[in-house]
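Notes to accompany the following structure.
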Amino acid sequence: MERRLVVCQEAADSDENGDDVFCIEDALQSVSRAQWEEFYYDLGLFRPSEGTEIYESMWKHFVVPTLSKGDGSLARSALLYRQLEDRVTEAEPAEIVCDSVERPTDAAVVDDVGREYDVPVRNAEYGGKRRTAFACLTATLGLLPFFVDQLLSLVAAVFVDVPERSETLFVPAVGRFESMRPVIDRAEMEYTVVATPLTAVWYLKSVAPAMRAYDPVPINLFTTPAVLFRQVQYVILELGIQEGLRGRLVSELDEFMRREFDVAMPNAIEQSLRQLYQSNVYRRLLLGLVFESAIERVGAKQVAIGTESVLGRSVLLAARRTGCAGYQIPHSITTEYVAPIQLDRTIFLPSGLPIDYLEERVPQSARKNEDALVKAGRPYLTELKRDVAETSVERSDNSFRILVATQPHDDEIRDAFVENALAAAHLLADALEADVSVVVKTHPSEDPEYYESVTGETDLPVEITDGDLRWNLQASDLVLTVNSNVGLEGIIAGTPCVCINFWNPLLYDLLYAKQAPVPILRSPDEVQSFFRSLTADDVSALRSDQTEFVEEQFVLDGSPARAIASRMESDLENRPRSDSV
């Protein structure tokens with residue numbers, strides 16, 4: 001009897017029919033860092049023949065790896081292709097059967113492998129051109145509220161004061177104003193804060209109340225009839241005829257990946273583009289045209305963004321089109337991977353780690369100039385260090401408090417992380433012969449009630465809180481995280497950090513954890529081994545080594561906010577106005 005290859009999403013027992021079983025998640029988690037970086041960085045060298053700005057705007061959204069359900073990550077698909085290809089060539093199955101493959105992009109990869117190796121595939125459900133066309137139509141119809149808001153903004157602009165001149169535009173990410181606020185507070189140049197929610201939402205709801213003291217201007221108030229015409233033209237010529245552009249982009253990407261990686265996955269590429277339709281990125285692309293209008297209207301010489309999202313990249317592209325300088329003041333206090341497609345901007349980084357990482361990993365042809373990467377620090381980190389020095393928290397001699405910093409990953413990841421953190425706490429209680437307690441500190445976007453069922457069976461004292469992070473850091477003896485900024489904050493607060501990340505490289509390790517003496521535990525067995533033998537002296541050594549590394553690498557003194565503002569002011573004085581603006 002000819003054997004089949006059964007492909008499933010999650011781990012499964014061996015098939016009772018004697019079939020080979022291929023588990024997608026297990027296969028992806030077995031890939032090496034080198035394999036991941038090959039796809040991530042080399043994909044950054046691809047340029048389409050047309051629609052280049054669209055691709056540059058959505059590049060990170062399109063390529064970056066993630067475990068979020070429904071995402072169409074090209075890097076993930078390429079890694080999966082390689083793993084499944086190896087299994088197919090090894091097993092030579094007569095048929096491939098998809099069993100509970102939940103992600104459409106994964107199903108598309110299975111179908112691509114089957115087609116490439118002439119193996120029949122059953123149950124690979126990811127939709128075809130009709131579903132892609134429907135997704136494009138849905139995305140286009142989803143722009144209607146945006147255009148209605150644009151029309152309302154034309155009327156509202158008559159009754160609202162809009163700046164006539166402003167040298168600098170600050171564009172904080174929604175919900176991330178506090179990351180940019182310290183720089184704005186210390187800026188001595190002429191500036192305007194721009195809000196990005198729909199104008200109607202901005203005025204009808206209490207959006208970003210902390211920002212309102214800075215007289216922010218909703219971006220849509222810079223809409224003009226000419227901008228509206230350009231947006232409609234953009235939708236018709238670029239998005240409305242997306243079938244033509246999409247067909248070219250799929251074909252060119254497929255050719256590029258076959259040539260560079262020996263991977264043939266046209267269906268997975270098309271599925272990734274469909275996910276973009278469904279993610280509402282096009283409204284953000286259209287806002288780029290409004291930002292172009294805003295830059296020209298107020299005569300801005302520079303624009304500063306927060307997050308490198310589709311919108312952030314669209315703003316940088318608008319700045320490039322108008323001869324305006326771009327800056328990025330990231331929200332993250334650590335920094336993720338540096339995107340290979342480098343748009344024209346100066347990035348203010350918290351440490352020298354990402355600069356070194358960029359020089360080592362990103363191909364020379366994809367790098368920005370080195371002077372555009374500035375080791376400036378983060379105001380939040382200097383404030384944290386100062387607060388820690390000025391306050392103290394009493395701790396009991398025979399107690400040990402573990403802070404578990406959660407993040408809004410998929411439920412199975414959150415469950416596994418907390419369950420292993422609790423197992424670590426039990427082992428530590430025995431190893432230290434101390435009274436161990438656990439505090440589950442939830443991410444601001446999570447519901448604390450979620451963790452009640454996950455922690456309900458332990459006999460250790462457990463507190464679930466969304467309360468003050470700084471106090472909890474100082475009151476704890478150890479921080480456990482997957483890949484959170486909280487680990488770095490803990491080190492600065494004098495609390496050592498340990499990472500539990502079974503999902504690398506799809507959940508990346510932050511640079512501070514990779515470079516500092518931070519243990520990164522890759523499996524439940526490693527968690528068991530590490531915490532079973534951990535001593536009080538080991539914890540003390542971790543604290544000392546991690547503190548020394550962070551104080552050496554990160555800017556923790558002075559005024560990073562003023563340093564960032566000063567750099568922008570200096571550039572402003574030395575930058576002539578572009579003739580194109």
Side-chain angles (χ1 to χ4, degrees), residues 333 380 383-384 387-388 390-502 507 510 513 518-519 521 524 527-528 530-532 534-536 538-540 542-543 546:
I333 63 172
Y380 177 80
E383 292 170 5
L384 174 61
D387 287 352
V388 169
E390 294 174 353
T391 60
S392 62
V393 177
E394 293 185 5
R395 301 176 182 175
S396 173
D397 292 338
N398 195 43
S399 67
F400 195 94
R401 179 183 172 112
I402 299 176
L403 183 68
V404 179
T406 66
Q407 292 169 273
H409 296 307
D410 286 351
D411 289 353
E412 59 267 26
I413 296 175
R414 295 196 290 176
D415 292 353
F417 168 58
V418 173
E419 287 167 0
N420 277 274
L422 292 175
H426 279 280
L427 292 168
L428 202 53
D430 293 336
L432 299 180
E433 297 182 352
D435 297 327
V436 173
S437 61
V438 177
V439 176
V440 178
K441 174 63 179 72
T442 58
H443 189 275
S445 64
E446 290 183 297
D447 182 358
E449 292 183 1
Y450 173 85
Y451 291 98
E452 292 180 358
S453 61
V454 186
T455 60
E457 295 184 2
T458 182
D459 57 0
L460 292 174
V462 176
E463 176 188 355
I464 303 171
T465 180
D466 57 0
D468 183 71
L469 175 60
R470 291 185 180 182
W471 185 90
N472 277 293
L473 286 172
Q474 287 184 266
S476 300
D477 299 282
L478 189 68
V479 175
L480 300 183
T481 178
V482 176
N483 60 352
S484 171
N485 289 335
V486 175
L488 176 62
E489 296 173 65
I491 296 171
I492 295 172
T495 304
C497 168
V498 173
C499 294
I500 298 176
N501 186 2
F502 306 161
L507 286 183
L510 290 177
V518 174
L521 310 179
V527 172
Q528 296 273 331
F530 180 83
F531 283 99
R532 184 179 289 114
L534 194 66
T535 67
D538 292 335
V539 175
S540 179
L542 281 177
R543 179 184 298 109
Q546 292 177 9

Discussion item. With a 4.5 Å cut-off on side-chain heavy atoms, are Val498 and Phe531 touching?
Written reply: yes

Fill in: Any side-chain heavy-atom pair of Phe530 and Leu427 under 4.5 Å
no

Over all atoms of both residues, closest heavy-atom pair of [X] and [Y]:
| X | Y | answer |
| --- | --- | --- |
| Phe417 | Thr406 | CE2-CA, 4.3 Å |
| Leu534 | Val539 | CD2-CG2, 3.8 Å |
| Glu446 | Pro448 | O-CD, 3.5 Å |
| Ser399 | Asp477 | O-OD2, 4.0 Å |
| Gln407 | Tyr451 | O-OH, 4.0 Å |
| Gly490 | Leu473 | CA-CD2, 3.7 Å |

Worksheet item: Going by distance alone, is a donor N or O of one side chain under 3.5 Å from an acceptor N or O of the other, for His426 and Thr458?
Response: yes

Practice prompt. May I have all residue pairs that pass salt bridge (Lys or Arg N to Asp or Glu O under 4.0 Å) and include part of residues 418-441, sequence neighbours excluded?
Written response: none

Could you tell me the separation between the [atom1] atom of [X] and the [atom2] atom of [Y], rounded to the nearest 0.5 Å?
| X | Y | atom1 | atom2 | value |
| --- | --- | --- | --- | --- |
| Leu403 | Thr481 | CG | OG1 | 9.5 Å |
| Phe502 | Asn420 | CZ | CG | 3.5 Å |
| Cys497 | Ile492 | SG | CD1 | 11.5 Å |
| Thr495 | Ile402 | OG1 | CD1 | 12.0 Å |
| Cys499 | Leu507 | SG | CG | 11.5 Å |
| Asp447 | Ile464 | CG | CD1 | 10.0 Å |

So does [Y] get a backbone contact from the side chain of [X], meaning a donor-acceptor N/O pair under 3.5 Å?
| X | Y | answer |
| --- | --- | --- |
| Asp415 | Glu412 | no |
| Ser484 | Gly487 | no |
| Asn501 | Asn483 | no |

Fill in: Val479 and Val486: CA distance, side-chain angles, deciding distance, side chain to side chain contact (heavy atoms under 4.5 Å, CB included) verdict
CA-CA 8 Å; Val479 175; Val486 175; 4.2 Å; yes

Discussion item. One pair to check against side chain to side chain contact (heavy atoms under 4.5 Å, CB included): Leu422 and Val418. What are the steps and the verdict?
Written reply: CA-CA 6 Å; Leu422 292 175; Val418 173; 4.2 Å; yes

Practice prompt. Check the surroundings of atom CD in Glu390: do more than 12 heavy atoms from other residues, nucleotides or ligands lie under 6.0 Å from it?
Written response: yes

Worksheet entry | Results of side-chain contact (heavy atoms from CB on, under 4.5 Å) for Ser453 - residues two or more places apart only | none

Item to complete: Please list all pairs passing the side chain to side chain donor-acceptor pair (under 3.5 Å) test where one or both residues lie in residues 462-475, with sequence neighbours left out.
Response: Asp387-Arg470, Thr391-Gln474, Arg401-Asn472

